[in-house]
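Below is one structure, written out as structure tokens; the observations come after it.
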Amino acid sequence: MGYIESYLALSAILFVLGLYTVSTRRNAVAILMGVELILNAANINFIAFSKFVTHSLDGHVVTIFVVMLAAAEAAVALAIVLNMYNNTGHINVDEANSLKQ
Amino acid sequence: MNLSQIVQDLGFLTPEILLTGLILLAIIYDLFLTKETSIRTGYLAIAGMAIVLFSLFAQNVEASQGLFNQMVAYDGYARYFKIIITLATILVMWMSFQNDELKNRTIGEYYQLMLVLVFGMFFLVSATNMLSIYLSLEIVSIMSYLLAGYLKENLRSNESAIKYVVFGGVSSGIMLYGISLIYGLTGSLNIYEIQASLAANAAISPALLMLAFVLVFVGFGYKIAAVPFHFWTPDVYEGAPATITAFLSVAPKAAGFAVLLRFLNTTLTLSGDPNNIALESLSNLDWPTLLAGVSAITMTVGNVVALQQTNIKRMLAYSSIAHAGYMLMGVVVMHHNGVSAILYYAGIYTLMNLGAFFVAIYIKNAFNTETISDYTGLGYKAPMIGIAMAVFMFSLTGLPPTGGFVAKFYLFRGLVGVGDTFIWLAIVGLINGVVSLYYYLRVLYFMYFKEMNFPDVYHRAPLQFNILIVIIIIPLLFGWMIGDPLSTWTASATSFFVP
Amino acid sequence: MENHLLSLVTFLPMLGILAILFVPRARVDVIRWIAAGATGLQLVVALIILGAFDSSSSGIQMQEHAAWIPAFNIEYFLGIDGLSLPMVLLTPFLSFLAIFTSFSINKAEKSYFALFLLLDVGMMGVFLSLDFFLFYIFWEVMLLPMYFLIGIWGGDQKEYAAIKFFLYTLFGSVLLLLGMLALYFVSEPHTFNMLILAQQPDIYSQSLLLGMNAGKVIFLLLFVGFAIKVPIFPFHTWLPLAHVQAPTAVSVILAGVLLKMGAYGFLRISFPILPHATLWFALPMAILGLINIVYGAMAALAQKDLKKMVAYSSVNHMGYVLIGMAAMTSAGMNGAVFQMFNHGTITAMLFMLVGVIYDRAHHRDIEGFGGLATKVPLYAGVMGFAFFAGLGLPGLSGFISEALCFIGAFPVFTWIAIGATVGIVLNAAYFLWAYQRIFFGPLNPKYENLEDINKRELYTLIPLAMITLFLGIYPAPMLDLMSATLNHLVDTVNAAGLMTGF
Amino acid sequence: MITVALLILLLPLLSFAIQIFFRKFIESKNGEWISIGIQLTTLGLAFYLFAVMIGHYDPHFRIEENVTWFNLGNFSLEMGILIDNISVIMLLVVALISSLVHIYSTEYMKGDIRFSRYYGFLGIFTFSMNGIVLANNFFMIYVFWELVGLSSYLLIGHWWEKNSAADASKKAFITNRVGDIGMFMGLMIIMTVLGTLNYQGVYTGIASGEWEGGIGTLFGGANPHTLLTWAGILLFMGAVGKSAQFPLHIWLPDAMEGPTPVSALIHAATMVAAGVYLTVRIFPILTPDAMATVAFIGGVTAFYAATIAITQNDIKKVLAYSTVSQLGYMIMALGTGAYVAGFFHLITHAMFKAGLFLASGSVIHAMHHALHDIKDHDTDAQDMRNMGGLKSKMPYTYLIFIVASLSISGIPFFSGFLSKDAILAGSWAYASTAHEGWLASMHMAWILPFFGFGAAVITAFYMFRLIFMTFFGESKRPDIFEKMHESPKAMTVPLMILAALSLFFFYTIPSINPFSTHGWFSHVIENPGTVVNFGSTFNLEHFEHANHEAHMPAMILSLIVATLGIGFATLVYLLKKVSAESLASKLGVLYKGSFNKWYMDEFYINGIIRPFLKGCDAVALFDMEYYDHYLINGAGRNTKKVSSGVGVADDLIVDGAVNFSGYIFQWLGWSLKFIQTGRIQNYLIFALIGVVAVFLLNAF
Amino acid sequence: MADLIFWLFWGLTVASASIVAFSKNLIYAVFSLLGTFIGVAAMYIFLNADFVAVTQIVIYVGGILVLLIFGIMLTNRITQTVISESSFQKMFGLTVVFAVLIMVLIPVLGHTWTNGEPMAFQETIHQIGTLLFTDYILLFEVASILLLGALIGAATLARKER
């Protein structure tokens with residue numbers, strides 16, 4: 001717990017797991033989960049840097065904003081997903097490919 | 001940051017405050033309207049935006065300011081983009097009255113969301129803090145998702161929204177990760193302090209710096225639709241309500257360029273003062289070359305794929321990617337000329353791209369087709385539409401005597417002006433111009449050459465639409481001829497706030 | 001003396017366009033006569049300019065200056081000298097006649113005449129601008145109407161021809177743009193003003209661009225841009241197509257005026273501004289001129305389509321211009337510009353005449369006629385006149401300019417000039433062979449009822465023929481107008497060569 | 001004087017204008033007399049000039065007037081009129097023959113559908129010919145040179161419905177242009193070196209040494225003497241074309257497709273002599289090498305054409321080849337230095353050859369009418385094999401034929417004797433004294449007298465062959481014979497005038513000795529010698545001396561050969577002691593070669609023109625089908641294949657444009673299109689790949 | 001001891017995040033996300049960020065996660081086995097993502113980040129509150145507009161057309 005690298009490594013792992021989730025999951029909600037992972041990874045970075053590098057609370061404030069934004073984004077995204085479900089009966093993003101050349 | 005300071009700074013935010021008031025007013029006013037009368041929110045929004053525009057013009061930007069602990073800047077640069085955005089908004093709102101897709105539904109929220117989107121862009125173009133950049137970028141994105149999916153019973157609109165939200169969410173997440181690295185590297189979120197720290201600390205490994213920069217650039221790149229972050233563009237543009245597509249292809253893109261340019265020229269330069277005529281990039285981060293590559297690939301991909309398109313909206317989507325590539329040419333020169341060229345291009349591009357979209361929307365409404373090959377003979381059936389389309393196509397190609405030419409000319413002038421380094425990019429750009437000619441002309445080919453028959457009765461577009469088109473065409477065609485006010489204006493609009 | 005004659009002569013057709021826009025489509029007659037009136041007035045103004053022109057001065061006259069885009073030192077700058085004057089006379093003259101030729105256009109007349117007048121503005125502007133930026137704008141402006149004129153009113157392959165013309169020329173102008181910007185940035189102070197640019201030839205020959213001599217690089221960039229318009233082999237393949245597919249009047253303008261713009265560009269921009277590079281490129285240019293002459297003539301000889309033959313004859317004739325101007329002698333230079341003018345009138349006649357027969361027979365296959373001279377003697381006579389003018393018969397203007405080009409080139413590019421004399425024979429061969437196949441021999445029974453040339457057509461041809469004849473007998477009036485300017489140009493270029501020991 | 005000259009020059013042009021622009025009016029009102037009147041006026045004026053000239057009786061009589069044509073500052077061209085003995089005599093000849101032809105044509109061309117045009121073209125011809133004669137510089141002569149080419153073109157093609165006439169006119173013009181190229185090159189050399197083209201200016205320029213100084217870097221600083229040789233030969237090329245010298249003689253026999261009066265005027269008496277006239281004008285600047293070339297070409301032509309004339313059956317063709325041969329004589333004379341003789345022969349030949357042609361025209365006219373009467377449209381009215389015994393039917397014509405033939409054969413008391421004899425003497429003298437020029441250095445100078453005398457034999461032979469076949473013996477076509485009758489007065493009177501002018505004393509006055517060459521002519525025309533005073537030069541005194549020596553032997557020899565020729569013709573064609581057919585079969589290849597004009601036309605057509613046209617086709621094909629199609633329109637795309645599938649218009653635009661922007665772009669776009677799968681997660685992965693790639697490229 | 005607890009939470013976070021990423025069953029994934037959020041909150045506590053940790057629990061677990069679960073419930077019939085949906089382009093994704101991991105880890109871990117002693121624990125709520133209402137007041141207010149807009153938008157999309 002005394003080393004920043006442990007946090008950074010964790011955040012990096014969460015980051016790529018999030019990326020993996022968004023790029024392989026079919027289900028729209030699952031993809032949103034991946035996005036949350038990415039945001040969490042970034043947040044860990046901010047807090048870790050606050051403690052180890054900058055010694056200021058700016059990182060904390062950023063994290064709070066991000067959490068709030070994540071909530072807003074999740075709400076909007078879910079509204080869109082539900083809308084899609086109403087129209088198609090599924091929320092599999094990879095099947096939403098009528099728009100292509 | 002005490003109360004008196006807050007109150008004083010608020011004085012510089014008149015347009016934003018007016019806009020906030022307008023948003024609230026629109027929400028409240030809409031409560032009293034029915035489905036049939038909800039269009040009045042739109043009138044209110046346009047009227048309000050006109051007032052905002054007026055207040056923007058009334059701003060005195062002689063002395064630039066950093067507001068709220070340098071969260072946002074108050075300067076001529078930001079004001080220029082705010083004006084462009086406001087104008088684009090007014091035009092798009094006006095066109096929205098004509099868009100059949102939006103008929104017979106509750107429309108109040110459409111305008112409310114657009115106003116919030118504008119609000120986000122206002123902050124985006126003036127943001128000078130990584131957090132405010134991220135926050136305003138998110139406002140713009142979230143409102144864009146909502147507007148793209150506004151036709152909720154329309155599958156294509158849904159699809160477009162969901163793709164947008166996924167791509168946008170991930171991109172901004174990646175950007176946030178990049179911002180966190182920069183925060184760690186420099187200990188600050190303020191772009192001026194970041195610059196000072198980076199410039200002072202040349203020991204940072206280029207790889208780490210590049211990583212942070214690339215991750216941040218994902219967010220910007222997605223906003224301006226630069227390759228390889230452009231994939232969402234055609235799909236979203238095709239599915240979204242046409243007026244929103246037009247809006248998205250113009251205003252957020254301009255805002256994206258505004259913030260990108262401010263970020264690059266402030267944070268990643270040695271001097272940190274973008275008001276300098278010529279800048280130098282950080283010694284351990286060669287971002288101009290990177291962006292030059294992105295620019296070349298972006299315009300080439302945009303043009304080459306546009307060659308293949310049969311749907312007008314998709315074609316314009318790819319063309320807008322290509323135009324992002326052109327505008328990036330102005331970024332890489334790191335010179336006053338490049339900046340003013342981008343400003344100029346943003347202005348002209350707004351006009352010509354909106355014009356092209358509006359004509360396409362009108363044709364969709366009146367003739368129910370978005371396929372280019374169905375435009376056969378339209379030039380004769382509806383002469384006004386045909387001429388307008390011809391002007392926009394020529395302008396997008398960059399041919400004199402349209403504004404598109406002058407805009408492009410300034411870009412190339414900037415590029416050639418800094419010596420030999422980016423001549424290759426200029427040549428790529430010029431060749432791309434020739435390639436693009438083909439698909440733009442294809443539209444005219446179908447409208448005029450394919451078949452020639454005069455109808456007994458012309459198709460006449462409604463007066464309101466004609467006025468709108470003329471308002472766009474006149475400055476596009478003649479604006480630059482008489483003293484070129486835009487160039488004078490852009491030259492003066494390159495005053496950045498620096499602490 | 002600040003008057004606005006030049007602006008007037010440039011933008012007069014614009015008034016015509018405005019007037020036409022307010023005339024209902026059905027009133028075709030009114031539209032036609034407005035167009036004729038606009039170009040006619042333009043011609044009158046051009047003649048007034050001719051009257052006010054001082055031919056003894058080699059400088060720019062009747063200058064019109066106005067700051068335009070001060071941020072980039074771009075000016076609205078018009079002026080005229082002995083180089084542009086012949087073109088300024090030629091343009092409204094051919095436009096005026098071409099309007100009458102266009103009376104046979106029978107679809108979308110309103111747009112046709114409006115576009116035609118726009119084309120006129122563009123051409124005039126090119127010949128009068130002295131600011132490179134302005135020049136470029138006009139250069140491009142004329143592209144757009146041309147694209148539509150070919151694409152809408154052209155022949156069977158009109159779309160192909162139109163887009164090919166457009167892409168070809170755009171490719172050229174893109175390089176032109178690059179060259180222009182390079183000039184702008186190399187010059188000190190940065191300017192597009194051609195006169196100021198021309199005052200600093202040493203800067204270009206001494207600075208580097210892309211690791212090469214800036215002057216040569218810029219010259220090459222401009223060269224391709226102009227060469228496509230001339231057209232110089234190997235950039236010529238748009239020409240046969242565009243000329244053949246375009247409606248008659250447009251072919252007249254294409255061959256009569258547009259082709260001159262390339263050569264004019266060389267003389268107005270490349271030569272005075274980049275004299276060192278010009279001397280360096282003179283030999284290649286002369287060689288290309290020779291290729292143009294021989295290649296164009298050979299291709300013309302093989303054509304089955306009359307209009308195509310005339311089109312290739314333009315390739316051939318512009319070769320003389322090239323040789324003449326590359327030689328950088330007084331005779332050659334004057335001959336080249338004179339040839340530009342003469343080719344304008346002669347080739348206009350040729351295209352009009354081809355149009356006449358096409359209107360009646362609905363084909364242009366040379367072999368498909370035969371013996372027409374018996375049936376349409378007047379037409380045969382006028383055609384004969386034009387053909388002989390084209391093959392450079394003494395007494396007609398083309399001869400003098402060709403001879404001057406040769407005489408001018410001979411001391412400098414002796415062997416090239418000798419090689420090019422083959423063109424004299426080949427010219428005669430393709431024109432006379434075609435003439436024989438069309439007009440001589442037994443009458444093709446298909447054309448028992450062919451109508452002879454009508455009055456309108458004849459009256460558009462007569463002025464051209466008169467000028468051809470007059471200048472063939474007494475070329476001095478035209479040569480006097482331009483010799484001062486052109487001699488000065490020759491001296492300037494050669495002086496630059498002397499200083500660097502060329 | 002100058003005014004008179006200008007009038008002579010311009011009046012025929014007026015005639016042209018009247019005939020062309022007032023055609024309708026004229027054709028209904030005997031308008032040809034306007035032209036004839038004008039022509040007679042010029043004849044009068046020419047006589048006036050002649051009188052003035054004779055009044056001066058000065059070999060150096062000379063009036064010149066110059067105006068600047070145009071001036072470019074440091075380059076100018078002038079136009080001017082030069083009146084000297086040569087031009088005055090030429091003017092008179094032209095005016096005289098032109099007048100006679102004008103009159104003759106009133107009958108010959110009666111009822112022609114393009115009657116007034118015919119007179120108009122005669123007018124423009126006379127104008128151009130006068131221009132050549134009056135020009136005082138090489139540029140101007142070149143201008144009118146081409147203009148006579150034009151009028152020749154127009155007149156040969158007078159009956160353009162006949163393909164052969166149309167072909168012949170084109171051939172004449174183009175062949176002439178080939179010669180003109182050379183002339184133009186010579187002109188350019190002189191202009192470049194001396195800066196002037198005025199005859200006198202050129203002569204003095206060369207004489208004063210300006211020539212050596214003016215060469216500068218031309219041809220890398222050429223040797224002045226060589227360059228002058230080339231300049232001379234190149235200028236002479238013009239004469240080769242116009243005077244139908246070997247190898248450009250091929251057009252003249254074909255030119256007989258034109259109306260016969262035209263053949264008489266243009267293709268016998270005047271225009272073809274313009275080449276000789278030009279050689280006269282360039283005579284002073286010819287170096288010995290150039291003179292040898294001129295002489296050799298003339299000699300070859302004289303002999304070569306004569307050999308062809310033997311076997312021709314078309315009456316006009318015989319005369320045409322005879323003309324070529326006689327022109328060769330003149331050229332040879334000038335080349336050998338026999339300046340006066342050459343020019344003299346020009347004049348005498350003009351008279352008797354015009355007489356011969358017009359007389360043959362009279363025969364043809366009669367034949368034509370006779371054939372017309374019996375409604376025979378297939379028989380060739382010009383074929384001598386259809387004639388015979390005509391002397392009883394056409395006595396005047398016959399008489400004139402005899403006179404002119406004697407003259408051309410070089411029989412004493414006739415003009416031809418005087419001039420031809422002088423030429424032969426000149427060639428003899430040249431051969432015996434020549435030390436300069438390549439003929440001499442190759443010891444080939446004697447070939448010239450051989451050609452000369454050889455051609456003389458043959459000339460006498462074929463002329464009398466012609467007479468015997470036409471006027472003697474039995475008629476081969478009695479049906480026509482019955483209908484034949486003498487031509488009207490308008491035709492016979494000019495004939496008689498010309499016949500009279502073939503007598504010697506018109507030229508020897510004041511002397512009336514038929515063997516003397518010392519008349520007014522040889523007084524006013526004198527050999528100018530050379531102005532070349534560097535390198536090896538032509539020695540006038542030396543030549544005159546040898547000429548004097550050779551005079552007697554040459555005269556005797558020429559008499560002998562003429563008699564031989566006539567005698568042999570009598571044997572074969574009049575007395576039929578020797579069968580012409582068996583002679584032909586015995587000679588075999590030679591006969592066939594001669595009959596087929598030594599296959600010159602075939603050589604040109606198959607050896608040069610056809611391959612060249614193939615080359616042109618190849619160029620055109622290359623230009624559009626290969627160069628444009630593949631290189632310009634883009635890489636390897638088969639237009640035809642596509643156009644059969646897709647609609648033509650769409651194909652063309654897609655094809656054209658995309659071909660241009662290139663197959664590559666198309667392919668690129670097509671493949672990039674597949675990246676746009678419509679699946680957002682594909683996009684994300686691609687974007688990530690992009691990020692990694694960008695990072696890798698830039699960070700390391 | 002603290003280290004052990006730290007690494008336990010560290011492991012929990014990674015493991016649950018892996019389940020989110022790799023699990024075939026969507027319900028498992030959602031509930032593992034809970035573990036991840038809690039693990040991250042624990043990390044915040046280790047990093048002396050008490051307020052943020054609480055926020056994380058309240059908003060993420062109480063808000064966002066519930067929202068996500070609702071999302072899944074609403075869009076799938078419980079009986080439906082499709083919930084255990086599969087993913088696609090796994091190998092492709094894995095390869096690329098692994099490359100990204102390397103790309104991030106090597107420079108980030110290669111850098112010397114520490115800047116003196118780590119900040120000692122202090123109570124942060126007060127300071128954060130001050131910051132939010134002074135330096136960050138503008139963004140705070142702007143965020144409120146964002147929330148307002150998101151609210152309107154989400155409601156518009158979700159509700160039935162009136």
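Keep in mind that this is a model prediction, so the values were computed, not measured. We name chains A, B, ... by the order of the sequence lines, and we start the count at 1 in each one. As a basis for the values below, the full set of heavy atoms in this structure was taken, side chains included, without hydrogen atoms, waters or symmetry mates.
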State the CZ-CG distance between C:Phe410 and D:Leu218, to the nearest 0.5 angstrom.
-> 5.0 Å

May I ask you to check whether C:Phe399 and D:Tyr142 place their ring centres under 6.0 Å from each other?
-> yes

Could you tell me which portion of C:Leu426 (side chain, backbone, both or neither) has an atom closer than 4.5 angstrom to a non-hydrogen atom of chain D?
-> side chain

Which region of C:Ala297, side chain (C-beta onward) or backbone (N, CA, C, O), has a non-hydrogen atom less than 4.5 Å from a non-hydrogen atom of chain D, or is it both or neither?
-> neither

CD1-CD1 distance between C:Ile424 and D:Ile181, expressed to the nearest 0.5 angstrom | 5.5 Å

What residue, out of C:Ser483, C:Ala476, C:Ala373, has the most heavy-atom pairs lying under 4.5 Å from chain D?
-> C:Ala373

Examine C:Phe338 together with D:Phe70 and report whether their ring centres are nearer than 6.0 Å.
-> no

So, C:Trp415 side chain and D:Phe219 main chain: donor-acceptor pair closer than 3.5 Å or not?
-> no

Examine whether an atom of C:Tyr430 lies under 4.5 Å from a heavy atom of chain D, and if so say whether it belongs to the side chain, the backbone or both; otherwise answer neither.
-> neither

Relative to chain C, which segment of D:Ser169 carries a heavy atom at a distance below 4.5 Å: side chain, backbone, both, or neither?
-> side chain

Pairs touching residues 178-196 of chain D that satisfy side chain to side chain donor-acceptor pair (under 3.5 Å), sequence neighbours left out = D:Trp145-D:Asp180

Taken to the nearest 0.5 Å, the spacing of D:Met185 CE from C:Thr414 OG1 works out to 12.0 Å

Segment of C:Pro240 engaging chain D (4.5 angstrom heavy-atom cut-off) | side chain

Parallel, tilted or perpendicular: which describes the rings of C:Phe388 and D:Tyr153, with under 30° parallel and over 60° perpendicular?
-> perpendicular

